[in-house]
Amino acid sequence: MTARFAPRLSAVLPLLVLLAARPAGAVVPAAGPEATAAASGPAVVVVPVANVLLRPEALAPVEDQAILGETLEATRAEGRYRYVRLRSGTRGWIEAEAIRPGLPDPSAEALEVTSGLAHLYREPDFTSSAPLATVPLGARLGGLAALEKDGTRWREVLLPDGRNAFASAEDLAPARAGGAPPVLDPTSWLAMARRFLGAPYTWGGTTPLGFDCSGLVFRVLERHGILLMRNSSEMCFREPQLVPVPVEELAPGDLVFFGTEEKIDHVGFWAGNDEVLQATTAGVPSTQETPWASPRLAPRFRYARRLAALPGAPPPSGLTPAKAEALGRTLDALAAEGRATFGIVVKDLQTGGTAARNATTVMHAASTMKTAVLLEALRRVDAGSLSLATGVPVVDCFPSAVDGSPFRVPLDGENETRLAPFLGNAARLDFVAREMIVRSSNAATNLMLGLCPPRDVQAFVDLLGAGGVKVRRMVEDEKAYQAGLSNETDAAGMAALMEAAVRSPRLSADSRRLAFEILAAQEFNEQIPAGIPKQAGVAVAHKTGNISKVQHDAAVVRLPDGREYVLVLLATDFGANEEGRKRVIETTRKMSRAVWEAMIAP
């Protein structure tokens with residue numbers, strides 16, 4: 001559909017420059033640049049529209065906009081800019097002269113602009129002088145006297161900078177009370193959005209002077225009492241008020257998201273009749289109703305979301321039997337493509353839904369067994385036999401499991417650089433445990449196994465129901481390896497261990513939180529985490545492991561809505577060469593992506 005201007009908006013288009021240039025006569029604060037020295041705390045916007053910038057520089061990218069009368073949190077100052085946080089959650093830099101410290105004057109009635117744009121005047125008269133300023137939808141003013149002149153109802157209003165002005169009463173309404181229920185009416189949402197058809201596209205814009213895609217969605221819903229996260233990727237993946245909906249079940253008012261496999265970069269309202277109501281740079285850059293079949297829409301569609309508060313909105317389904325079956329077929333195809341033997345377990349920790357392949361196939365554990373050592377150490381901390389502050393003597397020689405003869409783990413490797421300075425001295429247990437997991441330090445692992453012997457680690461692993469994990473010796477104990485003593489795992493055992501790390505009542509809540517935190521700080525992230533888009537907002541608590549013949553990753557993945565799933569991907573028989581290893585790593589990334597997609601799907 002061709003872009004068009006709503007009649008009310010077209011009448012004020014010549015004033016678009018007013019806010020950009022802020023000429024003499026526009027609303028300006030009483031305070032000057034010295035306001036940058038103000039203390040941290042609440043502040044009120046005193047200009048019609050203020051850009052929130054990525055950096056404290058005039059030419060920095062615009063992240064968002066704040067509007068007249070909006071309250072925000074202002075913190076540090078840099079030059080003529082203040083760092084602020086908006087109600088939307090956006091953080092960035094705003095000109096210090098665009099805000100004043102404090103809250104709005106509580107003595108005046110709280111009013112807000114309900115027209116797309118409204119003029120403010122020095123007197124209650126349209127013709128005696130040019131408008132004092134033009135302010136956008138949602139701007140907040142203090143209500144003073146009500147009067148009528150020449151058949152027009154006027155309100156005297158108090159500006160945030162303390163000055164008085166006059167506005168047509170038709171442009172204003174009492175501000176929504178903080179606890180007022182949201183307006184759950186998609187028809188009303190779309191009607192408001194259509195008022196802005198033809199408004200120019202403006203990156204970072206949230207007003208009828210110019211919207212970007214998420215700015216349009218944000219402002220329309222905010223005017224209906226629904227405060228979403230500000231940008232399209234946050235709305236799509238992290239906004240708890242939105243739930244997935246199948247594209248076949250789209251209803252007017254649903255949100256549709258577009259982009260690539262790696263990035264969401266656009267959002268619009270599903271308008272019905274195979275059209276999307278959006279702010280876009282396509283064609284004439286503006287707010288438009290655009291056919292779904294347009295090149296920038298249908299081919300780039302990725303996800304659909306619905307406000308969870310709407311009647312009939314589906315709750316997240318998790319890994320249902322049908323989705324688990326479909327996921328299994330996808331994993332089979334990827335495993336064939338990876339040309340290796342994969343041990344796979346997926347478990348939705350909310351529903352218990354699972355998908356598994358070769359779950360009991362035994363493989364060398366490599367460094368994945370270090371998770372078991374961590375959990376036994378935390379159990380001992382809970383029991384009081386160890387403390388996180390316990391001093392651990394740092395050595396580089398350890399006794400073989402075969403005959404006690406010493407073997408050395410040099411502290412000159414890439415993974416040992418943080419531990420090496422402690423050689424001959426003591427390091428705190430919590431530091432050593434982190435090095436064992438985060439850097440996968442073999443020396444740190446053996447230090448921990450000196451405190452928590454393999455037999456005790458194994459006993460706790462068995463108690464946790466993860467018997468497929470076998471901890472028999474220290475790491476790099478070549479004599480034990482030659483004697484057939486290897487640390488082993490299967491996918492089922494490793495999945496049980498990862499679940500126990502965050503769910504088992506045999507560990508305290510503090511220990512479970514610490515286990516997740518340490519595992520989430522893992523520095524080797526080329527498998528499971530790399531398969532999930534960075535925008536997704538997930539936390540991946542995981543442990544990798546590889547030697548010449550295996551390539552593993554085992555994780556608990558926490559979604560932004562708090563749901564968690566376990567994913568274990570073990571691999572062997574890939575040729576024990578770098579070409580095979582790279583192929584397996586790429587395959588596990590694709591598997592991780594497939595599992596994540598299944599978990600967030602309707």
Side-chain angles (χ1 to χ4, degrees), residues 6 8-9 12 19 27 42-50 65-72 86-88 99-100 102-126 131-196 206-209 215-228 241 307 309:
R8 185 168 185 83
L9 185 59
V12 296
L19 298 188
V27 180
V44 181
V45 179
V46 296
V47 296
V49 179
Q65 289 180 329
I67 58 177
L68 183 73
E70 182 173 348
T71 301
L72 45 76
L86 276 56
R87 284 196 310 145
S88 64
I99 59 176
R100 69 155 175 82
L103 296 169
D105 187 338
S107 65
E109 179 188 3
L111 300 176
E112 60 188 14
V113 173
T114 54
S115 300
L117 296 168
H119 290 325
L120 304 181
Y121 295 89
R122 294 174 176 82
E123 301 291 338
D125 191 296
F126 293 115
L132 175 68
T134 302
V135 297
L137 175 74
R140 292 211 163 201
L141 302 164
L144 300 175
L147 62 151
E148 185 171 332
K149 182 180 178 183
D150 299 329
T152 298
R153 295 188 306 115
W154 293 87
R155 287 299 303 265
E156 185 178 10
V157 293
L158 179 66
L159 303 181
D161 65 1
R163 292 189 293 166
N164 291 7
F166 293 88
S168 167
E170 302 300 323
D171 286 327
L172 305 173
R176 286 180 57 86
V183 180
L184 302 177
D185 183 359
T187 300
S188 178
W189 306 346
L190 293 172
M192 176 175 281
R194 287 187 175 105
R195 287 168 51 188
F196 310 130
T206 64
T207 79
L209 290 165
L216 174 67
V217 170
F218 173 84
R219 185 60 66 198
V220 166
L221 293 180
E222 183 266 341
R223 290 290 81 209
H224 288 82
I226 302 159
L227 189 66
L228 298 185
Q241 299 177 84
L307 193 71

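These values consider heavy atoms only, across backbone and side chains, with no hydrogens, waters or symmetry-generated copies. In this text, all values refer to a predicted model and were calculated from it rather than measured experimentally.
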For this session: Considering non-hydrogen atoms only, spot the tightest contact between L184 and A309 and give its length.
Result: CD1-O, 3.6 Å

Exercise. Roughly how far apart are R87 CZ and E222 CD, rounded to 0.5 Å?
Worked result: 5.0 Å

For this session: Please step through side-chain contact (heavy atoms from CB on, under 4.5 Å) for the pair M192 and L137, ending with a clear verdict.
Result: CA-CA 11 Å; M192 176 175 281; L137 175 74; 4.3 Å; yes

Problem set entry | Pair D161-R100, salt bridge (Lys or Arg N to Asp or Glu O under 4.0 Å): steps then yes or no | CA-CA 7 Å; D161 65 1; R100 69 155 175 82; over 6 Å; no

Exercise. Quick one: does Q241's side chain have a donor or acceptor within less than 3.5 Å of a partner on L307's backbone?
Worked result: no

Exercise. What residues form a salt bridge (charged side-chain N to carboxylate O under 4.0 Å, His left out) with E123, not counting sequence neighbours?
Worked result: none

For this session: Supply the atom-to-atom distance L68 CG to T207 OG1, rounded to the nearest 0.5 angstrom.
Result: 12.0 Å

Exercise. Per the side chain to side chain contact (heavy atoms under 4.5 Å, CB included) rule, which among N164, L120, V46 passes with L159?
Worked result: L120

Problem set entry | Residue pairs, two or more places apart or on separate chains, that pass ring pair (Phe, Tyr, Trp, His ring centres under 6.0 Å) and touch residues 149-182 | Y121-W154, F126-W154

For this session: Measure across R163 and L132 and return the closest heavy-atom pair with its distance rounded to 0.1 Å.
Result: NH1-CD1, 4.5 Å

Exercise. Under the salt bridge (charged side-chain N to carboxylate O under 4.0 Å, His left out) rule, what pairs show up with a residue in residues 173-182, not counting sequence neighbours?
Worked result: none

For this session: Return the set of residues passing salt bridge (charged side-chain N to carboxylate O under 4.0 Å, His left out) with E70 (not counting sequence neighbours), or none when no residue passes.
Result: none

For this session: Report the distance from atom CG of D171 to atom CZ of R153, rounding to the nearest 0.5 Å.
Result: 10.5 Å

Seminar exercise, completed: Sorted by chain and number, sequence neighbours left out, side chain to side chain contact (heavy atoms under 4.5 Å, CB included) with P174 holds for E109

Exercise. Which atom names give the shortest non-hydrogen contact between F218 and L228, and what distance separates them?
Worked result: CE1-O, 3.3 Å

Seminar exercise, completed: So OG of S168 and CZ of R155: to nearest 0.5 Å the spacing works out to 11.5 Å

Problem set entry | Side-chain H-bond candidate by donor/acceptor type, T152 with D150, under 3.5 Å | no

For this session: Decide yes or no on side-chain contact (heavy atoms from CB on, under 4.5 Å) for I67 and V45, but give the supporting numbers first.
Result: CA-CA 6 Å; I67 58 177; V45 179; 5.9 Å; no

Problem set entry | Gap separating the CZ atom of R223 from the CH2 atom of W189, nearest 0.5 angstrom | 15.0 Å

Problem set entry | Pair listing, salt bridge (charged side-chain N to carboxylate O under 4.0 Å, His left out) test, anchored in residues 132-143, at least two apart | E112-R140

For this session: Evaluate the criterion side-chain contact (heavy atoms from CB on, under 4.5 Å) for residue pair V49 and L209; output intermediate values, then yes/no.
Result: CA-CA 9 Å; V49 179; L209 290 165; 4.1 Å; yes

Exercise. For V157 and L172, what are the C-alpha separation, side-chain angles and deciding distance, and is it a side-chain contact (heavy atoms from CB on, under 4.5 Å)?
Worked result: CA-CA 10 Å; V157 293; L172 305 173; 4.0 Å; yes

For this session: Could you check if a side-chain atom of H224 sits within less than 4.5 angstrom of a side-chain atom of P182, using non-hydrogen atoms only?
Result: no

Problem set entry | Closest approach of V44 to G102 (non-hydrogen atoms, all atoms of both residues) | CG2-O, 3.2 Å

Seminar exercise, completed: What one should report as the nearest heavy-atom pair of L111 and G143 is CD1-CA, 3.4 Å

Seminar exercise, completed: For G116 and F196, the nearest pair of non-hydrogen atoms, with its separation, is CA-CE2, 4.1 Å

Exercise. Roughly how far, to the nearest 0.5 Å, is the OG atom of S115 from the CZ atom of R195?
Worked result: 6.5 Å

